[in-house]
J.: 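Following this message is one structure expressed as structure tokens.
Ligands are counted one by one from 1 in listed order, and the atoms in each one are counted from 1 as well. Just so we're clear, the structure is a prediction, and the values are computed from it rather than from any experiment.
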Amino acid sequence: MKIIMLGAPGAGKGTQAQMIADKYEIPHISTGDIFRENVKNGTELGMEAKKYMDQGALVPDELTVKILLDRVAKDDCKNGYVLDGFPRTIPQAEVLDNALNEIGEKIDYAINVDVPDENIIRRMSGRRACLSCGATYHIEHVPPKKEGICDRCGKELVLRDDDKEETVKNRLDVYHKQTQPLIDFYTKKGVLKTVDGTVDMKDVFAAITAILA
Ligand code: ADP
Ligand code: AMP
């Protein structure tokens, strides 16, 4: 099963993608996590990506597409995957589509987690991320068992540099201009499903599993 998560930054794509990955035993692939890992390790890719991420801008397609295509070609992707944060532009979606076409495959579901902009800023300022394993928490809605520490891997949780209010506003702008057109793209392909992302995360997940069942 190949699934794409769509939605504004902070809509809950990563939270739901991780739950889907656990239930269906497929990898959760987040291009944002891959970039953050590279920033943390000071790689050349990380240094290049950081310039864009800190502004709330998108990393150029040339860099992003290659990383994603390399990742989905790995062995653990044989039974499918859930993509979180990719594609984010029409050219990215087209490259993915062509690559899948060439091997006679396709995306099965594009799940749009719908959350209005008003809710997003509040969510992002409370988000805490583990840069080690990619897990995400919220200080009110999804607190870790021990404050500031990741339940999954025991590492320290941080407020992402790009979750500051000014950057979040830019990211929302970029989302509306560059990523929202993908809703049309996947509607035309007949695979788009929209869920209400404003309800409790367990209820969002129930709506998603009802679609995937
Ligand atoms: P995205 O991957 O779309 O950027 P995240 O999954 O990281 O979004 O979620 C953004 C923030 O909102 C996180 O702090 C997360 O814990 C929290 N969150 C996710 N889903 C919900 C929900 N249904 N209700 C309230 N908070 C949520
Ligand atoms: P995310 O963790 O998905 O919110 O992504 C964080 C940041 O990484 C984004 O604001 C972009 O700068 C960059 N990024 C992640 N995925 C992509 C992508 N598919 N295309 C371009 N930039 C991306």
J.: Could you give all pairs that pass the salt bridge (charged side-chain N to carboxylate O under 4.0 Å, His left out) test and reach residues 7-31, with sequence neighbours left out?
T.: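 Checked against salt bridge (charged side-chain N to carboxylate O under 4.0 Å, His left out) - neighbours excluded - no pair reaches residues 7-31.
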J.: Specify the protein heavy atom at minimum distance from atom 22 (N) of ligand 2: its residue, its atom name, and the distance to 0.1 Å.
T.: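 Among all protein heavy atoms, the one nearest atom 22 (N) of ligand 2 is V59 N, 3.0 Å.
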J.: Under the salt bridge (charged side-chain N to carboxylate O under 4.0 Å, His left out) criterion, do K74 and D76 qualify, and how do the steps go?
T.: CA-CA 6 Å; K74 295 213 162 127; D76 64 338; over 6 Å; no
J.: So between K50, Q92, Q55, whose heavy atom ends up nearest atom 20 (N) of ligand 2?
T.: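 Among K50, Q92, Q55, the closest heavy atom to atom 20 (N) of ligand 2 belongs to Q92.
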J.: How close does the nearest protein non-hydrogen atom get to atom 19 (N) of ligand 2, and which residue and atom is it?
T.: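 Going atom by atom, the protein heavy atom closest to atom 19 (N) of ligand 2 ends up being G85 O, 2.8 Å.
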J.: Got more than 12 heavy atoms from elsewhere within 6.0 Å of NZ, K40?
T.: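 Buried by this count: over 12 neighbours within 6.0 Å.
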J.: Taking N or O atoms only and a 3.5 Å limit, does S30 qualify as a polar contact for ligand 2?
T.: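 Min N/O separation from ligand 2 is not below 3.5 Å for S30.
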J.: Among all protein heavy atoms, pick out the one at the shortest distance from atom 23 (C) of ligand 2; state its residue, atom name and that distance to 0.1 Å.
T.: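 Minimum-distance protein heavy atom for atom 23 (C) of ligand 2 reads F35 CE1, 3.8 Å.
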J.: Geometry only, no angles: is R36 polar-contacting ligand 2 at N/O separations under 3.5 Å?
T.: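 Checking ligand 2 against R36, an N or O pair does fall under 3.5 Å apart.
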J.: Main chain of K202, side chain of D200: is a donor-acceptor contact present, judged purely on distance under 3.5 Å?
T.: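 Yes, because the side chain of D200 sits within donor-acceptor range (under 3.5 Å) of the backbone of K202.
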J.: Between N41 and T43, does any side-chain donor sit less than 3.5 Å from a side-chain acceptor?
T.: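 No, no side-chain donor-acceptor contact under 3.5 Å.
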J.: Who are the residue neighbours of ligand 1 when the rule is a heavy atom under 4.0 Å from any of its atoms?
T.: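 The answer is A8, P9, G10, A11, G12, K13, G14, T15, R123, R127, T136, Y137, H138, H141, V142, G197, V199, D200, M201, V204, counting any residue whose heavy atom sits under 4.0 Å from ligand 1.
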J.: Treating D114 as the side-chain partner and V195 as the backbone partner, does any N or O pair qualify as donor plus acceptor under 3.5 Å?
T.: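 No: the side chain of D114 does not pair with the backbone of V195.
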J.: Taking only heavy atoms of G32, which atoms of ligand 2 are found under 4.0 Å from at least one of them?
T.: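 In order of numbering, the contacting atoms are 2 (O), 5 (O), 15 (C), 16 (N).
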J.: Which pairs pass salt bridge (charged side-chain N to carboxylate O under 4.0 Å, His left out) with one or both residues in residues 116-141, sequence neighbours excluded?
T.: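 Salt bridge (charged side-chain N to carboxylate O under 4.0 Å, His left out) check on residues 116-141 returns R127-D163.
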J.: K169 and E165: salt bridge (charged side-chain N to carboxylate O under 4.0 Å, His left out), yes or no, with the steps?
T.: CA-CA 6 Å; K169 284 186 182 146; E165 190 168 332; 3.5 Å; yes
J.: Which salt bridge (charged side-chain N to carboxylate O under 4.0 Å, His left out) pairs, counting each pair once, include a residue from residues 183-192, with sequence neighbours left out?
T.: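 Listed by first then second residue: D97-K189, D184-K188.
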J.: Please determine if D33 has a nitrogen or oxygen closer than 3.5 Å to a nitrogen or oxygen of ligand 2.
T.: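 D33 vs ligand 2: no N/O contact under 3.5 Å.
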J.: Decide yes or no on salt bridge (charged side-chain N to carboxylate O under 4.0 Å, His left out) for D108 and K106, but give the supporting numbers first.
T.: CA-CA 6 Å; D108 299 299; K106 62 174 184 55; 3.4 Å; yes
J.: Could you find the nearest protein heavy atom to atom 10 (O) of ligand 2 and give me its residue, atom name and distance?
T.: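 Atom 10 (O) of ligand 2 sits closest to the protein heavy atom R171 NE, 3.8 Å.
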J.: Can you get from L100 to Y186 by hopping between Ile, Leu, Val, Met, Phe, Trp and Tyr side chains that sit under 4.5 Å apart?
T.: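 Yes, one cluster joins them.
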J.: I would like to know whether L131 and L157 meet side-chain contact (heavy atoms from CB on, under 4.5 Å); could you show each step before the answer?
T.: CA-CA 7 Å; L131 297 185; L157 300 176; over 6 Å; no
J.: State whether the shortest distance between N or O atoms of R160 and N or O atoms of ligand 2 falls below 3.5 angstrom.
T.: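 So ligand 2 has an N or O lying under 3.5 Å from an N or O of R160.
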J.: Taking only heavy atoms of T31 into account, list the atoms of ligand 2 that are under 4.0 Å away from them.
T.: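 What qualifies from ligand 2 is 15 (C), 16 (N), 17 (C), 19 (N).
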J.: Specify the protein heavy atom at minimum distance from atom 12 (O) of ligand 2: its residue, its atom name, and the distance to 0.1 Å.
T.: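 Result for atom 12 (O) of ligand 2: A57 O, 2.6 Å.
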J.: Just heavy atoms, cut-off under 4.0 Å: does D162 contact ligand 2 by side chain, backbone, both, or neither?
T.: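 It is the side chain that touches ligand 2; the backbone stays farther off.
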J.: Given Y137, which partner from the list T15, I149, D151 fulfils the side-chain contact (heavy atoms from CB on, under 4.5 Å) test?
T.: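 Filter result, single survivor: D151.
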J.: Quick check against the 3.5 Å criterion: does N38 have a side-chain atom that pairs as donor or acceptor with the backbone of I34?
T.: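 Indeed, once roles are kept as given, a pair shorter than 3.5 Å links the two residues.
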J.: Ignoring angles and geometry beyond distance, decide whether Y52 reaches within less than 3.5 Å of ligand 2 through its nitrogen or oxygen atoms.
T.: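 No, Y52 has no N/O under 3.5 Å of an N/O on ligand 2.
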J.: May I ask you to check whether G56 has an N/O atom sitting below 3.5 Å from an N/O atom of ligand 2?
T.: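 Among all N and O atoms of G56, none is under 3.5 Å from an N or O of ligand 2.
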J.: Taking the minimum heavy-atom distance to atom 3 (O) of ligand 2, which of R88, Q178, M5, K13 ranks first?
T.: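 Among R88, Q178, M5, K13, the closest heavy atom to atom 3 (O) of ligand 2 belongs to R88.
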J.: Assess whether atom CD of E94 is packed by more than 12 heavy atoms of other residues, nucleotides or ligands within 6.0 Å.
T.: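 Yes.
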J.: Can an N or O of P87 be found at a distance shorter than 3.5 Å from an N or O of ligand 2?
T.: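 In fact, backbone or side chain, P87 has no N or O that close.
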J.: Near T64, which atoms of ligand 2 are under 4.0 Å from a heavy atom of that residue?
T.: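 That gives atoms 18 (C), 19 (N), 20 (N), 21 (C) of ligand 2.
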